[in-house]
Engineer: 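Next up is a structure, given as structure tokens.
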Amino acid sequence: MIDQRLVRDNPVAIARQIGRRGHAVDLIKLQVILQQQRQLEEERSTLQAQGNRIGKEVGLKIKDGADPGGTEIVSLRDEGNFIKKKVSVLENEEKILTSQIREQLLTYPNPPSEECPDGSSEADNVELRSWGTLRQEQGLEEHWQIAERLNLFDTERSVRIAQSRFITLLGQGARLERALINFMLDRHTAKGYREVLPPVLVNTASLTGSGQLPKFAEESFRCADDDLWLTPTAEVPLTSLHRDEIIPADQLPLRYVAYSPCFRREAGSYGRDTRGLIRLHQFNKVELYWFVHPDQSEGSHEQITADAEAILQALELPYRVLDLCTADIGFSAQRTFDLEVWLPGAGAYREISSCSICGDFQARRSSIRTKKGKNTQLVHTLNGSGLAVGRTMAALLETGQQADGSVLLPKALVPYVGCDRLQPE
RNA sequence: GGAGAGGUGGCCGAGUGGUCGAAGGCGCAGCACUGGAAAUGCUGUAUAGGGGCAACUCUAUCGAGGGUUCGAAUCCCUCCCUCUCCGCCA
């Protein structure tokens, strides 16, 4: 959420910043409402102060022996009643404005940071660096072909169990998925991350706090009879882990790593990536999440990205790093670095991690603050996938495929899987 | 699912209509004492919004919303949540 004081003081500047995302916004109307609201609040609190004075006066006079039914007390009561009526009128108007303000504020995306490159589509994303040597020979299989051959998962039966875009991993496939989750968690916790296994059903407040609601309701699965949704990413429960809290400054930064299944409707992606592990309604992800003091967020974006990259490097998976342009960053992000892994079979890079710095955007929505002495301020939050597990498996299959049909696994993974290659069962 | 209890500041806990943002304790911070520490003593210690250079001050907040009243943490109504016991269950 953007700071309403900024909208009140300089709506044009904020609108211009948000406008860099490609859609013009007009904050002048909101500014007017904010000014009205502030004026109402001023009037109301002045009246309430008067009312409070009368209340005290009546109490004191009665205590001093004044006749509760006497003219003096009665006239004070009348005055109190008069003020009360005026206050309640103002309060009602104010309440309407306040909820309008919040409703609107919640719909505006985070203004991109100064460093975020301008652009109008994903074509304007900037490649920052790449790592590893790409396999580019002809005739390589795509991951779903390999998986089918090795019997790692069953697509058709998954439709029977659920619907399309769900996957059932089998045998070595299931084992590899589990190995990857453990491997990633171990690597991150070894670096000082605190491991979290959160609920995967989250309430509306949690989704609003991290920025998925109100704008992206159609992307999430909702439980019909409860105020609960299937989480689209562990970022949601991790943000709400400290919602409505004040974290002592000396405890920051807090760095969490959470494995969770993630659920997304993938509305509007009909026909894309229909085979294999790339785009599913349910997938596994290990997520990194930082709460940092605003004075210390410098450099943290690069660090969290490096932590995600370390997994790709340990798995010997070539990738590149993109600095997403203003048109391509997510709703809550100020700036985002995407990691794209090389899929030799598909002959393309695919997003496998998205590392974002959100500034105080989520912290304001979720009311997460920190305190140093008397100074209370919003924390800054960062998140990054470390990594998307299904897509990691896809990359491993395509990268490790051998002429004899087996798949060679990276050395680091051998202790987790229990063998150095996957072979037909 | 059945029965009961309860939601007060960072925590514990008092407070059943009047100057209560709220006793007391714990914790925390500063100061004093000490060679240093412990113990002790003193002082301070919520959040949000408004005004003021500041000291400071006004308003709101005792789960949420509504009501009664000149005045509500305290009385009434509705809702939410938590806990305990029983049942069921991974």
Engineer: Using atom C1' of each nucleotide, how far apart are A73(B) and G21(B) to the nearest Å?
Structural biologist: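 Their C1' atoms lie roughly 10 Å apart.
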
Engineer: Who is the Watson-Crick or G-U wobble partner of G36(B), with both distances under 3.5 Å?
Structural biologist: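 In the structure as shown, G36(B) has no Watson-Crick or wobble partner.
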
Engineer: With a non-hydrogen cut-off below 4.0 angstrom, is I73(A) in contact with a base, only sugar-phosphate, or nothing?
Structural biologist: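 Here I73(A) touches no strand at all.
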
Engineer: Ignoring backbone atoms, test whether R44(A) places a side-chain nitrogen or oxygen under 4.0 Å from the OP1 or OP2 oxygen of A60(B).
Structural biologist: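 Indeed not, no polar side-chain atom of R44(A) lies that close.
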
Engineer: Hey, is the side chain of R8(A) poking within less than 4.0 Å of OP1 or OP2 on G50(B), counting only N and O atoms?
Structural biologist: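 Yes, because at least one side-chain N or O of R8(A) sits under 4.0 Å from OP1 or OP2 of G50(B).
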
Engineer: For the side chain of R5(A), counting heavy atoms from C-beta on, which of G51(B), G49(B), G66(B) is nearest?
Structural biologist: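 For R5(A), the side-chain atoms sit closest to G49(B).
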
Engineer: Between Y289(A) and Y193(A), does the ring centre distance come in under 6.0 Å?
Structural biologist: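 Distance test on ring centres: not under 6.0 Å, no.
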
Engineer: With both distances under 3.5 Å as the test, what is the Watson-Crick or G-U wobble partner of G7(B)?
Structural biologist: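 In the structure as shown, G7(B) has C80(B) as its Watson-Crick or wobble partner.
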
Engineer: Across the strands shown, which category fits T376(A) at heavy-atom distances under 4.0 angstrom: base, sugar-phosphate, nothing?
Structural biologist: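 Answer is sugar-phosphate: T376(A) comes under 4.0 Å of backbone atoms only.
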
Engineer: For G59(A) and for R77(A), find the nucleotide of RNA chain B with the closest heavy atom, then tell me which residue's nucleotide is more 5'.
Structural biologist: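 That would be G59(A).
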
Engineer: Mind calculating the distance between CD (Q48(A)) and P (G71(B)) to the nearest angstrom?
Structural biologist: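 From Q48(A) CD to G71(B) P: 12 Å.
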
Engineer: Please measure how far the P atom in A55(B) lies from the corresponding atom in G51(B), and state the result in whole Å.
Structural biologist: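 To the nearest whole Å, 16 Å.
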
Engineer: Using the C1' atom on both, measure G63(B) against A5(B) and round to a whole Å.
Structural biologist: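 The answer is 16 Å between these two C1' atoms.
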
Engineer: Is it true that a side-chain atom of E141(A) and a backbone atom of E398(A) form a donor plus acceptor pair closer than 3.5 Å?
Structural biologist: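 Answer holds: no.
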
Engineer: Let me know the distance between NZ of K95(A) and C1' of G49(B), rounded to the nearest Å.
Structural biologist: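 Checked: the NZ to C1' distance equals 16 Å.
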
Engineer: Take Q50(A) and G80(A), find for each the nucleotide of RNA chain B with the closest heavy atom, and name the residue whose nucleotide sits nearer the 5' end.
Structural biologist: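 Per heavy-atom nearest nucleotide, the more 5' residue is Q50(A).
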
Engineer: Whole angstroms only, please: what is the CD-C1' distance between E94(A) and U59(B)?
Structural biologist: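 So the two atoms are 10 Å apart, to the nearest Å.
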
Engineer: At less than 4.0 Å, is any side-chain N or O atom of N52(A) found next to OP1 or OP2 of A60(B)? Yes or no.
Structural biologist: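 Answer yes for this pair, as a side-chain N or O of N52(A) is under 4.0 Å from OP1 or OP2.
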
Engineer: As an exercise, state the distance from CZ of R157(A) to CG of L170(A), rounded to the nearest 0.5 Å.
Structural biologist: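 One finds 8.0 Å between CZ of R157(A) and CG of L170(A).
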
Engineer: For residues P232(A) and Q212(A), report the shortest heavy-atom separation together with the two atoms involved.
Structural biologist: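 In terms of heavy atoms, the two residues are closest at CG-CG, 4.0 Å.
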
Engineer: I want to check one thing: is the phosphate of U47(B), taken as OP1 and OP2, less than 4.0 Å away from some side-chain N or O of K371(A)?
Structural biologist: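 Yes, because at least one side-chain N or O of K371(A) sits under 4.0 Å from OP1 or OP2 of U47(B).
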
Engineer: Expressed in angstrom and rounded to an integer, what is the separation of D250(A) atom CG from A29(B) atom C1'?
Structural biologist: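 So the two atoms are 12 Å apart, to the nearest Å.
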
Engineer: So, does Q334(A) use its side chain to make a donor-acceptor pair with the main chain of S113(A) at under 3.5 Å?
Structural biologist: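 No; judged by distance alone, with no hydrogens or angles, the pair does not exist.
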
Engineer: Rounded to whole angstroms, how far apart are CG on L40(A) and P on A60(B)?
Structural biologist: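 In whole Å, A60(B) P lies 16 Å from L40(A) CG.
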
Engineer: Just how far, in rounded Å, is C1' of G49(B) from CD of Q37(A)?
Structural biologist: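 That distance rounds to 9 Å.
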
Engineer: If you measure from the P atom in G15(B) to the same atom in G65(B), how many Å do you get, rounded?
Structural biologist: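 Those two atoms are separated by 25 Å.
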
Engineer: Rounded to whole Å, how long is the line connecting atom CZ of R369(A) with atom P of G49(B)?
Structural biologist: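 So the CZ-P distance, R369(A) to G49(B), works out to 9 Å.
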
Engineer: For U68(B), does either OP1 or OP2 sit under 4.0 Å from a side-chain N or O belonging to K84(A)?
Structural biologist: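 Result: no.
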
Engineer: Checking all strands, does I246(A) fall into the base, sugar-phosphate, or nothing category for heavy-atom contacts under 4.0 angstrom?
Structural biologist: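 Contact class for I246(A): sugar-phosphate only.
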
Engineer: Students often get this wrong, so: under 4.0 angstrom with heavy atoms, is K61(A) touching a base, only sugar-phosphate, or nothing?
Structural biologist: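 Nothing, no heavy atom under 4.0 Å.
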
Engineer: Take atom C1' in G24(B) and the same atom in C83(B), then report the distance between them in whole Å.
Structural biologist: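 Roughly 25 Å separates the two C1' atoms.
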
Engineer: With a 3.5 Å limit on both atom pairs, tell me what C31(B) is paired to, counting Watson-Crick and G-U wobble, or say none.
Structural biologist: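 Per the H-bond distance test, G41(B).
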
Engineer: Looking at side-chain heavy atoms only, is the closest gap between D307(A) and W290(A) below 4.5 Å?
Structural biologist: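 D307(A) vs W290(A): side chains touch.
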
Engineer: Searching all strands shown, indicate the nucleotide that pairs with G87(B) (Watson-Crick or G-U wobble; both distances under 3.5 Å).
Structural biologist: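 Here G87(B) is not engaged in any pair, so there is no nucleotide opposite it.
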
Engineer: Let me know the distance between CG of D78(A) and P of U69(B), rounded to the nearest Å.
Structural biologist: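 Checked: the CG to P distance equals 13 Å.
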
Engineer: Taking U45(B) as the reference, what is the distance to G10(B) when you measure between their C1' atoms (whole Å, please)?
Structural biologist: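 It comes out at 10 Å once rounded to the nearest Å.
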
Engineer: Take atom P in A38(B) and the same atom in C33(B), then report the distance between them in whole Å.
Structural biologist: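 Pairwise P distance, A38(B) against C33(B), rounds to 15 Å.
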
Engineer: Tell me what R53(A) touches on the nucleic acid: a base, only sugar-phosphate, or nothing, going by heavy atoms under 4.0 Å.
Structural biologist: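 It contacts nothing in the nucleic acid.
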
Engineer: For nucleotides G67(B) and A14(B), find the distance between their C1' atoms and express it as a whole number of Å.
Structural biologist: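 Straight-line distance between the two C1' atoms is 27 Å.
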
Engineer: Who pairs with L106(A) by side-chain contact (heavy atoms from CB on, under 4.5 Å), at least two apart in sequence or on another chain?
Structural biologist: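 Checked L106(A) against side-chain contact (heavy atoms from CB on, under 4.5 Å); matches are M1(A), R102(A), T208(A), P214(A), R365(A).
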
